[in-house]
Amino acid sequence: MVAISSTPNFAYMNYASTYGAAVTSTSSNTASVAKSHQESTSASAAATNVTLSDAARAALADRSFTDVITDARGKLAKLLEEAGRTSPIKNQQLAVDLSSLDNRELYAISSDKSFTEDERAAAGLEMQRRLEAALAGPAAIARVIGDYTGLYKAAAAHLDGLGPEEKASADWKAGRDAVTEGLKQLQTRPGNLPSAGEHDPVSIYLKLADSGGTGAGQSMENLSSNARTTLDRLYADAKAAGRVPSFSRSSSSAQFIDLSNFSSRSLSSMVLDTDGRFSNEEVRAAQTALRQKSSATMMAGLQNATKSGDPTAFSQNVIAAFSSLSPEERQAAGWSDKMYQAALDSYSTTSKLMQMINSPAAAPMAASQASWSRASLLPST
């Protein structure tokens with residue numbers, strides 16, 4: 001369980017108190033919980049990715065912080081209304097999906113006392129979730145390849161992408177300085193976890209993962225409840241417009257219910273339907289949407305690997321994608337442990353082959369093969 005603090009929540013700093021609470025609250029089930037969290041965190045797949053144009057990004061960046069607070073309050077109120085809730089927190093967990101809020105808006109909610117304690121806590125949990133999302137995949141790769149450099153670079157990129165108000169805080173500077181120190185140490189010892197001080201967000205994240213303290217996202221119960229509410233609202237909107245709601249695009253007279261904007265975790269809660277909230281048709285529609293998201297993830301990983309020139313890149317991308325999904329998401333998407341093991345085996349085999357090819361012993365053979373190839377191309381005399 002992630003601790004909730006009434007003070008402003010800075011994701012990389014609040015981790016320290018969260019870690020202490022997580023360790024204190026663990027009991028006889030710590031070992032099993034820690035094992036599952038070592039292999040995964042509830043992370044980025046829970047959020048819906050929103051692509052903004054350069055002009056839109058510039059407009060958002062130019063807002064005054066007063067405007068940011070106003071926008072954040074309006075968006076939060078709308079999210080609560082759509083979810084049929086009065087608080088974004090339930091049982092110390094996120095009860096609404098805050099992924100549509102940008103980083104400045106989250107910081108505004110977490111740091112401005114005009115927001116309620118629950119609202120500030122919810123913003124802090126979402127900030128923590130985003131940090132976990134940024135580190136989950138790179139952490140899994142670091143464990144496999146024995147090099148923490150990529151993990152610390154991911155932390156640096158995440159912190160650098162936060163808003164100017166947050167980056168002006170002493171807390172941000174302490175976290176960023178720790179990451180810089182970590183990267184400095186990794187230049188000479190990439191296989192050793194740096195000792196960068198108590199404010200190091202990477203070190204704190206890894207400790208939390210090992211103790212079962214990660215997973216700041218919404219519970220499946222909350223996700224399922226919110227998905228039900230959202231679906232019912234979409235149905236009501238369609239009927240109010242005089243159209244029949246449908247999950248098929250082929251009917252021109254019906255109102256298409258598009259599930260592509262639902263997060264992967266929301267879709268997973270529909271597919272698993274542990275509470276029996278959804279019809280068979282709704283479950284099938286959620287399965288289709290989730291498969292499309294999974295396929296897009298794999299295709300993006302393949303394209304990225306093709307461009308990288310690294311023979312192990314695709315297996316690393318699969319490891320990262322798998323590790324960034326919660327166990328429920330994997331189950332709903334059909335991503336089994338065999339898939340993860342296959343990616344590990346592929347990485348191991350490819351790495352060993354590359355080491356053999358690049359070893360000094362292979363050089364004479366390569367030279368001999370090159371000479372034979374050149375000779376075979378010469379005209380016979």
Side-chain angles (χ1 to χ4, degrees), residues 31-45 132-157 182-183 185-194 202-203 205-212 214 264 293-331 333-367 369:
S32 61
V33 174
K35 182 178 185 295
S36 66
H37 280 281
Q38 281 180 313
E39 296 176 352
S40 69
T41 60
S42 299
S44 58
E132 291 176 4
L135 300 185
I141 293 174
R143 291 188 181 102
V144 172
I145 68 177
D147 186 341
Y148 290 96
T149 305
L151 176 56
Y152 272 79
K153 286 183 177 179
L183 286 169
Q185 294 180 24
L186 288 168
Q187 290 178 359
T188 54
R189 296 172 298 176
N192 293 346
L193 182 65
V202 176
S203 176
Y205 166 78
L206 293 175
K207 290 175 182 176
L208 275 171
D210 289 345
S211 67
T214 56
S264 293
K293 286 180 180 288
S294 298
S295 297
T297 298
M298 287 295 100
M299 183 58 66
L302 180 59
Q303 292 173 344
N304 176 271
T306 302
K307 294 177 182 178
S308 73
D310 180 358
T312 67
F314 182 59
S315 56
Q316 289 188 52
N317 289 341
V318 173
I319 291 169
F322 186 96
S323 299
S324 66
L325 296 179
S326 67
E328 295 90 351
E329 287 174 282
R330 295 175 199 160
Q331 180 183 352
W335 288 21
S336 69
D337 290 341
K338 291 182 179 180
M339 176 182 176
Y340 183 78
Q341 188 60 49
L344 283 177
D345 292 344
S346 175
Y347 172 81
S348 178
T349 300
T350 304
S351 296
K352 289 178 181 178
L353 286 172
M354 294 303 296
Q355 291 172 5
M356 293 173 65
I357 291 172
N358 294 324
S359 68
M365 180 180 295
Q369 290 176 335

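- Remark: Ala333 engages Leu290, Ser294, Trp335 in a side-chain contact (heavy atoms from CB on, under 4.5 Å) (not counting sequence neighbours).
- Shown here are the side chain to side chain donor-acceptor pair (under 3.5 Å) partners of Asp147, two or more places apart in sequence or in another chain: Thr149.
- Nearest heavy-atom pair, Ser315 versus Ala343, reported as atom, atom and distance to 0.1 Å: CB-O, 3.4 Å.
- Scored by the side-chain contact (heavy atoms from CB on, under 4.5 Å) test, Leu193 finds Tyr148, Tyr152, Leu206 as partners (sequence neighbours excluded).
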Let me check something: any side-chain donor-acceptor pairs from residues 301-308 under 3.5 Å, sequence neighbours excluded? List them with distances.
from   : atom 1 : to     : atom 2 : distance (Å)
Asn304 : OD1    : Asn317 : ND2    : 3.4
Thr306 : OG1    : Leu302 : O      : 2.8
Ser308 : OG     : Ala305 : O      : 2.8
Ser308 : OG     : Asp310 : N      : 3.1

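- Shown here for Met298 and Ala321, the closest heavy-atom pair between the two residues is CE-CB, 4.1 Å.
- Under the rule for a side-chain contact (heavy atoms from CB on, under 4.5 Å), the partners of Leu344 that lie at least two apart in sequence or sit in another chain are Val144, Ile319, Tyr340, Gln341.
- For the side-chain contact (heavy atoms from CB on, under 4.5 Å) test, residues two or more places apart in sequence or in another chain that qualify with Thr350 are Pro311, Thr312, Ser346, Met354.
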Exercise. How far apart are the C-alpha atoms of Met339 and Val318, what are their side-chain angles, what is the distance that settles it, and do they pass the side chain to side chain contact (heavy atoms under 4.5 Å, CB included) test?
Worked result: CA-CA 9 Å; Met339 176 182 176; Val318 173; 4.0 Å; yes
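- A pairwise comparison of heavy atoms in Ala209 and Arg143 identifies CB-NH2, 4.2 Å as the closest pair.
- To the nearest 0.5 Å, atoms CD1 (Ile141) and CD (Gln316) are separated by 5.0 Å.
- Here the side chains of Thr297 and Phe322 are not in contact, with every heavy-atom distance at 4.5 Å or above.
- Under the 4.5 Å side-chain criterion, counting only non-hydrogen atoms from C-beta, Tyr347 is in contact with Ile145.
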